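All values below come from the heavy atoms of this structure, side chains included, with hydrogens, waters and symmetry mates left out. On a predicted model such as this, the values are computed, not experimentally measured, just so you know. Reminder, nothing fancy here: chain letters follow the sequence lines and each chain counts from 1.
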There are 2 protein chains.
Amino acid sequence: MNVYERMKQALITGKYKPEDRLTEEALTGEWKVSRTPIRSALKQLEFDGLITPLKRGYVVRSFSQNDIRQIYDVRSLLEGYAASLSAIHRTEQDLSDMYKANAEFQTIITSQGTNKTEHIQEVLKKNHKFHDAVMRASKDPHTEDLIRKVVVLPLVFHSFYWFQQRELEQSFELHEVIIRAIKDQDSARARSAMHEHIYQGRDRVLEQLKRSDL
Amino acid sequence: MNVYERMKQALITGKYKPEDRLTEEALTGEWKVSRTPIRSALKQLEFDGLITPLKRGYVVRSFSQNDIRQIYDVRSLLEGYAASLSAIHRTEQDLSDMYKANAEFQTIITSQGTNKTEHIQEVLKKNHKFHDAVMRASKDPHTEDLIRKVVVLPLVFHSFYWFQQRELEQSFELHEVIIRAIKDQDSARARSAMHEHIYQGRDRVLEQLKRSDL
DNA sequence: AATTCTTCAATTGTATACAATGAAGCGTTT
DNA sequence: AAACGCTTCATTGTATACAATTGAAGAATT
């Protein structure tokens, strides 16, 4: 893993917390590389929207409840759109990719891992794999690009960490609905199911946040 | 203007053409700065989607007809969405900003400038100002961000260069419809008018492209 | 003749020194 | 005591040298 990826992990796992200041100098010491790769990583993280530039250095970005709402809302719009395109353009290969990804998702959520954090990492990975397969079936790289940008941010909230078993199963079931609609080339249904799926995720995060803010 | 902005101009105006190779070394000579700022600029341009990275250096990105279609389509989705949000959240200040921007747009398109290229630059700027005002009224910085990304690319096609007077007037009129809908807090109408407006732009570019490809 | 290996040149990745910039603290003036 | 300007220090911007990597050309082997 290069510096960018490691710093991204640090941001996602919460090693760097909102409002923490990041200066090039300090980071060279921490990661044992020179300022050049640090600068490069910081710039990329800025693109990702994970850090905000100041006149001097950066801060780890903090997200309000409103931010989260808005991020999930556009994400729903975009992924719903992608799903509707996928219903039109999907190939047999795409379909089998989706099936496979969701089968793996099911395997993971039904197996209780030893370590919770590791288990969640796996769930996350398989979930991502499914969404990726849907996106790719759309054959629209530009939309994919935009979605990719909006998908990174929610990782910061560790949404899956708070999912109950029941909710993971709901996700699995909605994935199935989405696949079926795409298979049937039912654009409108694919879109709507995807919207629903993402809004469920949103509400879970929002709820959790409200609870921890009290 | 810094190196990034100047290089972006070079890409938009067509000084660098699709498939041209860009290497750091060569660019240092051209822009009379060291590799460090060049690298920074290239990275940013990559993010903008104006250039594509190779294993060695970059190429100026080329867009197929399909690309253009897809880019305008998501843009329509996103700007339509932003317009619908603006209809909900707009303040008096937002409205007067839109009015002002569109008044300026009208002034420009009715005045025949001396130099065509300069005139078009002005039209572009005022048009952009209007779209910006609409976006800002949405109060959704994340959507703004995504739109900004998708708005840069069409500049490469010099769409406005091909606009007839009649078509500029149509744009002005649709701007008015959009403003009115936002003023009336008619979300659905604002969204639909924005969709229509952007699709008109798309079709103009597509038509022009078809013509020049023959 | 085709294929693999070797070498070399071109290009990017990294480290680091120096320049420019901006922010904070200090002292002077009113 | 407040406001202004000056100095200093921390931090980023830029240039450049050196290391690592890749691609291409040519040589050697089958």
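- Between the axis at the start and the axis at the end of the helix from dA1(C)-dT30(D) to dT30(C)-dA1(D) there is an angle of 10°, using five pairs per end and rounding to 10 degrees.
- Relative orientation of the His175(B) and His131(B) rings is perpendicular, given thresholds of 30° and 60° on the angle between their planes.
- Residues forming a side-chain contact (heavy atoms from CB on, under 4.5 Å) with Ser96(A) (at least two apart in sequence, or on another chain): Gln93(A).
- Judged by distance alone, with hydrogens and angles left aside, the side-chain atoms of Ser138(B) form no donor-acceptor pair with the main-chain N or O of Ser86(B) at under 3.5 Å.
- Under the rule for a salt bridge (charged side-chain N to carboxylate O under 4.0 Å, His left out), the partners of Lys139(B) that lie at least two apart in sequence or sit in another chain are Asp94(B).
- With sequence neighbours excluded, the residues that form a side-chain hydrogen bond (donor to acceptor under 3.5 Å, both in side chains) with Tyr58(B) are Glu46(B).
- Of the residues in residues 19-29 of chain B, none has a non-hydrogen atom less than 4.0 angstrom from any atom of DNA chain D.
- Listed by chain and number, the residues in a ring pair (Phe, Tyr, Trp, His ring centres under 6.0 Å) with Phe47(A) are Phe47(B) (sequence neighbours excluded).
- Inspection of the Asp73(A) and Ser76(A) side chains reveals no N or O donor paired with an N or O acceptor under 3.5 Å.
- Looking at residues two or more places apart in sequence or on another chain, you find no salt bridge (charged side-chain N to carboxylate O under 4.0 Å, His left out) involving Arg21(A).
- Atoms OG and CD, on Ser159(A) and Glu207(A) in that order, are 13.0 Å from each other to the nearest 0.5 Å.
- Not a single ring pair (Phe, Tyr, Trp, His ring centres under 6.0 Å) links Tyr72(B) to another residue, sequence neighbours left out.
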Could you list the donor-acceptor pairs under 3.5 angstrom formed by side chains in residues 118-126 of chain A, with sequence neighbours left out?
| from | atom 1 | to | atom 2 | distance (Å) |
| --- | --- | --- | --- | --- |
| His119(A) | NE2 | Ile108(A) | O | 3.1 |
| His119(A) | NE2 | Ser111(A) | O | 2.8 |
| Lys126(A) | NZ | Glu104(A) | OE1 | 2.8 |

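- Of all nucleotides in DNA chain C, those with any atom nearer than 4.0 Å to a heavy atom of chain A start and finish, going 5' to 3', at dT14(C) to dA23(C).
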Mark up nucleotides 20-26 of chain D, 5' to 3', with B wherever a protein heavy atom is under 4.0 angstrom from a base atom, S wherever such an atom reaches only the sugar-phosphate, and - elsewhere. -BBS---
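- With sequence neighbours excluded, the residues forming a salt bridge (charged side-chain N to carboxylate O under 4.0 Å, His left out) with Glu144(B) are Arg148(B), listed by chain and number.
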